[in-house]
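Working notes for the structure below.
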Amino acid sequence: MKRDEQEFLIQVYTQCKGFFSTGRKLPRDLINESTFPIHHKRAYYLLEKWIGRGFYEYGVSLDLGWLTREGKVEAIRLMGQMGPSSTELDNRGDKT
């Protein structure tokens, strides 16, 4: 799994939690943000890839889906392995 895929999975996990919670973002919202770091076509490809791996499900539209239990477990595993992202380093001001 490439770094951008790992970061996207973590974003979906952390920002799209709780199917019925208020203020919840959808994968579509993440993809359409002006600061989203990857091309939207790659994001849709990754969502389709995650379906094949059992990480993601959707109903009507691909970008309105949710992570499965397996996807959540993978995101949690990745959060434990990854260091700070480049944007986190930029925001902190130190690039060491």
Side-chain angles (χ1 to χ4, degrees):
M1 195 180 278
K2 292 183 179 179
R3 180 85 178 198
D4 65 339
E5 181 178 2
Q6 293 172 348
E7 290 178 356
F8 183 35
L9 182 62
I10 290 169
Q11 275 188 312
V12 170
Y13 174 72
T14 58
Q15 296 183 33
C16 301
K17 282 185 180 178
F19 192 73
F20 295 107
S21 66
T22 58
R24 171 180 99 91
K25 285 188 177 182
L26 297 165
R28 175 180 289 176
D29 300 327
L30 295 176
I31 294 167
N32 289 331
E33 287 179 351
S34 62
T35 58
F36 189 65
I38 62 177
H39 194 276
H40 67 276
K41 288 183 180 180
R42 172 133 173 89
Y44 287 111
Y45 164 78
L46 293 174
L47 294 175
E48 290 176 350
K49 179 180 174 183
W50 296 346
I51 291 167
R53 296 181 71 187
F55 290 172
Y56 188 79
E57 293 178 343
Y58 72 100
V60 176
S61 183
L62 180 63
D63 58 357
L64 298 177
W66 55 91
L67 290 178
T68 63
R69 181 182 182 285
E70 292 81 10
K72 292 174 185 177
V73 167
E74 181 67 12
I76 292 167
R77 185 186 71 76
L78 289 172
M79 288 190 315
Q81 285 183 350
M82 292 180 68
S85 70
S86 57
T87 53
E88 289 171 339
L89 290 175
D90 291 344
N91 292 337
R92 281 196 336 216
D94 61 13
K95 298 189 186 221
T96 57

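Since the model is a prediction, treat every value here as computed from it, not as a measurement.
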Show every donor-acceptor pair shorter than 3.5 Å between a side-chain atom in residues 29-37 and any protein atom, with sequence neighbours excluded, or say none if there are none.
residue	atom	partner	partner atom	Å
Asp29	OD2	Leu26	N	2.9
Asn32	ND2	Arg28	O	3.2
Glu33	OE2	Lys25	NZ	2.4

Show which side-chain atoms of residues 69-77 pair as donor or acceptor with protein atoms under 3.5 Å away, not counting sequence neighbours.
residue	atom	partner	partner atom	Å
Glu70	OE1	Thr68	OG1	3.2
Glu74	OE1	Arg77	NE	3.1
Glu74	OE2	Arg77	NH2	2.6
Arg77	NH1	Gln81	OE1	3.1

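Contact detail for Met1 and Gln6: the closest heavy-atom pair is O-NE2, 3.3 Å. Shown here for Leu62 and Tyr44, the closest heavy-atom pair between the two residues is CD2-O, 3.7 Å.
In this structure, CG in Leu47 is found 10.0 Å from CD in Glu5, a value given to the nearest 0.5 Å. Rounding to the nearest 0.5 Å gives a distance of 5.5 Å between CG of Leu9 and CG of Leu67. Annotation: the span from Lys2 atom NZ to Ile38 atom CD1 amounts to 11.0 Å, rounded to 0.5 Å.
Scored by the side chain to side chain donor-acceptor pair (under 3.5 Å) test, Thr14 finds no partners at all (sequence neighbours excluded).
With a 4.5 Å cut-off on side-chain heavy atoms, Trp50 and Val12 count as touching. A heavy-atom distance below 4.5 Å is found between the side chains of Tyr56 and Pro27. Within the 4.5 Å cutoff, no side-chain heavy atoms of Arg42 are placed close to those of Phe8.
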